[in-house]
Protein chains: 2
Amino acid sequence: MSEARERDREATKARLLQSVEALIREEGFGALGINALAKRAGTDKVLIYRYFGGLAGLLSAYAEEGDFWWHVDDILAEPLPGPDEADGLSRCLGVIFARHAAFLRAHAVALEVIAWEIAQRNELTEALESVRESRSQEMMRRLAARFDLDVREFLASVGPLFALLGAAANYLAARGRRLRIFNGIDLQSDEGWRTLERSAARMIAGVASGAFSTYSTQ
Amino acid sequence: MSEARERDREATKARLLQSVEALIREEGFGALGINALAKRAGTDKVLIYRYFGGLAGLLSAYAEEGDFWWHVDDILAEPLPGPDEADGLSRCLGVIFARHAAFLRAHAVALEVIAWEIAQRNELTEALESVRESRSQEMMRRLAARFDLDVREFLASVGPLFALLGAAANYLAARGRRLRIFNGIDLQSDEGWRTLERSAARMIAGVASGAFSTYSTQ
DNA sequence: TTGACATGTCACCATCAGGTGACATATTAA
DNA sequence: TTAATATGTCACCTGATGGTGACATGTCAA
């Protein structure tokens, strides 16, 4: 009867971690539960308690090793406008916005993470959040270095801009999973997102024209 | 024993509707359930089935009569920059952004609605969504009329801008409920939001400088 | 007064959740 | 070989959920 599954702790742990990813992608965070995870992994839920100490432990293990968010190297990959080019920083920010948006649209798990971070706050969302935040900070630091700007002042001037555009991309991409139209924009079409990118680029340029140097405050 | 509660259908229905609001505000959407609502209203869940046809019916009744979102009159209340003033439209959009953001920060239920619309899709979020969307559309139409612009072209030029800024405000306000900092911005302080409003105003101006008239396409 | 209906109460059901204890068996060290 | 331990299976518990049927009693028209 019982097929005497192979005894391999590491393989079982790996299957459980993969189940976290698969469940989030296919059914969303709402479906994440001890029972569902065990079933999906084809194992017994008691092993989750034994190997990970419970659901929270499994989820934070996933957060640490999971590949659910972009890497700084990818978001800043060449070719990328540099400090020697005209409007280098503005165009650079535009490219980053576009890459960020493209990544989101291509990664269902990332969108689920964003949606769930807003709606709920628990051990997993906190762990995921901290990974995301540290990557963003790293990206900003490297960008400041690229343009030879003081990090503090760079954050002060570009921070609000990134906050607005990043927030917009997150919201629209997450929303676009299930709702096609927002303010007349088709969130599920390439054309809709190109429109958004053009607007974002113009908005960036608008801020840049006013102030962007290291000695801008207001 | 049983206190023989007064028999008043309308009062019971009203208590149930108030429970929806109270539960969302105090415990979030996750707590919305037949049992929790009945308990909160101090009544029996079977009455929800009888009077509203079930949870979905109660929730959509709330969506129709609930006061969970801004009214167009409020968001466009005077004083508001008009077509005769310099940069009238740009400044008008800036004011609307600020009012939208201020409303969100002051209304916990609205933030819950936004968060839940992103994370889940069900009868209630669809009903709430449709109310929100229709108010936005109405606001845009009245704005076009105020500046004597063709609605279609107005939507094409201002639509992406509103989409980006509205999305950003929604995301940041919803996120700010539980997470204080985003990209160095304090989402729970007036100062943080003033910074965002200044950036938004500059971004709007940047788009306006390039194209804003009725005959702009790209 | 009587009978129909509206309002409200209660008990119960199946299902799912997270969680735990008891057990079977493979592996490995003594 | 034997005994301890690691791995995995199974049955069961408590509690909450959505949902329904049976019942008690107030209200109101005939």
Side-chain angles (χ1 to χ4, degrees), chain A residues 1-20 22-24 26-62 116 119-127, chain B residues 1-20 22-24 26-62 116 119-127:
Chain A
M1 196 58 141
S2 48
E3 277 296 321
R5 175 176 294 284
E6 208 176 345
R7 298 192 169 205
D8 186 334
R9 177 177 183 142
E10 292 311 312
T12 300
K13 287 171 72 173
R15 250 183 301 130
L16 283 168
L17 286 169
Q18 288 160 14
S19 300
V20 176
L23 261 185
I24 293 175
E26 293 167 23
E27 318 224 13
F29 267 80
L32 268 193
I34 285 277
N35 293 309
L37 283 165
K39 188 174 208 174
R40 172 116 209 170
T43 180
D44 196 283
K45 61 181 172 181
V46 80
L47 300 183
I48 296 178
Y49 292 100
R50 287 224 272 257
Y51 296 160
F52 297 97
L55 179 59
L58 172 55
L59 297 185
S60 52
Y62 168 72
W116 223 249
Q120 307 236 312
R121 186 121 292 261
N122 53 41
E123 301 97 331
L124 176 59
T125 58
E126 273 168 32
Chain B
M1 195 59 142
S2 47
E3 278 296 322
R5 174 176 293 286
E6 206 177 347
R7 298 195 167 201
D8 186 335
R9 177 176 184 144
E10 293 310 313
T12 300
K13 287 171 72 174
R15 250 184 300 131
L16 282 168
L17 286 168
Q18 289 160 13
S19 300
V20 176
L23 261 185
I24 293 175
E26 293 168 24
E27 318 223 14
F29 267 80
L32 268 194
I34 285 278
N35 292 310
L37 283 165
K39 187 175 207 171
R40 173 116 208 169
T43 180
D44 195 284
K45 61 181 171 180
V46 79
L47 300 183
I48 296 177
Y49 292 101
R50 288 226 270 259
Y51 296 160
F52 297 97
L55 180 60
L58 172 56
L59 298 185
S60 51
Y62 168 72
W116 222 247
Q120 306 237 314
R121 186 120 292 259
N122 53 40
E123 302 97 331
L124 176 59
T125 58
E126 273 168 31

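Every chain is numbered from 1, with letters handed out A, B, ... down the list of sequences. We use all heavy atoms of the structure for the numbers below, so side chains are in, but hydrogens, waters and symmetry mates are not.
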**Asked** Between B/N35 and D/dA16, is there a side-chain N or O to OP1/OP2 distance below 4.0 Å?
**Response** no

**Prompt:** C/dT20 phosphate, OP1 or OP2: any side-chain N/O from A/Y49 under 4.0 angstrom?
**Reply:** no

**Asked** Side chains of A/E26 and A/R40: does their closest heavy-atom pair fall under 4.5 Å?
**Response** yes

**Asked** Once you round to the nearest 0.5 Å, how far does CG of B/L47 lie from CG of B/L58?
**Response** 11.5 Å

**Request:** Take the protein atom CG of B/L32 and the nucleotide atom C1' of D/dT17, then report the distance between them rounded to whole Å.
**Result:** 14 Å

**Prompt:** For the residue pair B/F29 and B/W116, does the interplanar ring angle fall in the parallel (under 30°), tilted (30 to 60°) or perpendicular (over 60°) class?
**Reply:** parallel

**Item:** Distance, nearest 0.5 Å, that separates OG1 of B/T12 from CZ of B/R50
**Value:** 11.0 Å

**Fill in**
Winner on side-chain proximity to A/V46, out of D/dT20, C/dG21, D/dG19, is C/dG21

**Item:** Length of the line joining B/F52:CZ and D/dG18:P, which is rounded to integer Å
**Value:** 16 Å

**Request:** State which of C/dT7, D/dG18, D/dT9 makes the closest approach to the side chain of B/Y51.
**Result:** C/dT7

**Request:** Send over the distance from A/D8 CG to C/dA26 C1', rounded to a whole Å.
**Result:** 13 Å

**Message:** Strictly below 4.0 Å: does B/T12 bring a side-chain N or O up to OP1 or OP2 of C/dG8?
**Reply:** yes

**Length of the line joining B/K45:NZ and C/dT7:C1', which is rounded to integer Å** = 18 Å

**Prompt:** How close or far is atom P of C/dC10 from atom NZ of B/K39, stated in whole angstroms?
**Reply:** 14 Å

**Fill in**
With the side chain defined as heavy atoms from C-beta on, A/R50 is closest, among C/dG19, D/dT9, C/dT7, to D/dT9

**Request:** Find the distance A/I48:CD1 to D/dT7:C1' and express it as a whole number of Å.
**Result:** 15 Å

**Asked** Once you round it to whole Å, what is the distance between P of C/dT20 and CG of A/L47?
**Response** 14 Å

**Item:** Which residue lies more 5' along DNA chain C, comparing A/L55 with B/R9 via nearest heavy atoms
**Value:** B/R9

**Student check: side-chain heavy atoms of A/L59 and A/F52 closer than 4.5 Å** = no

**Prompt:** Side chain of A/R7: nearest nucleotide among C/dA24, D/dG18, D/dG26?
**Reply:** C/dA24

**Fill in**
Of the listed D/dT17, D/dT9, D/dG19, the closest approach to the B/I34 side chain comes from D/dG19

**Item:** Toward the 5' end of DNA chain C, by each residue's nearest nucleotide, B/D44 or B/E10
**Value:** B/E10

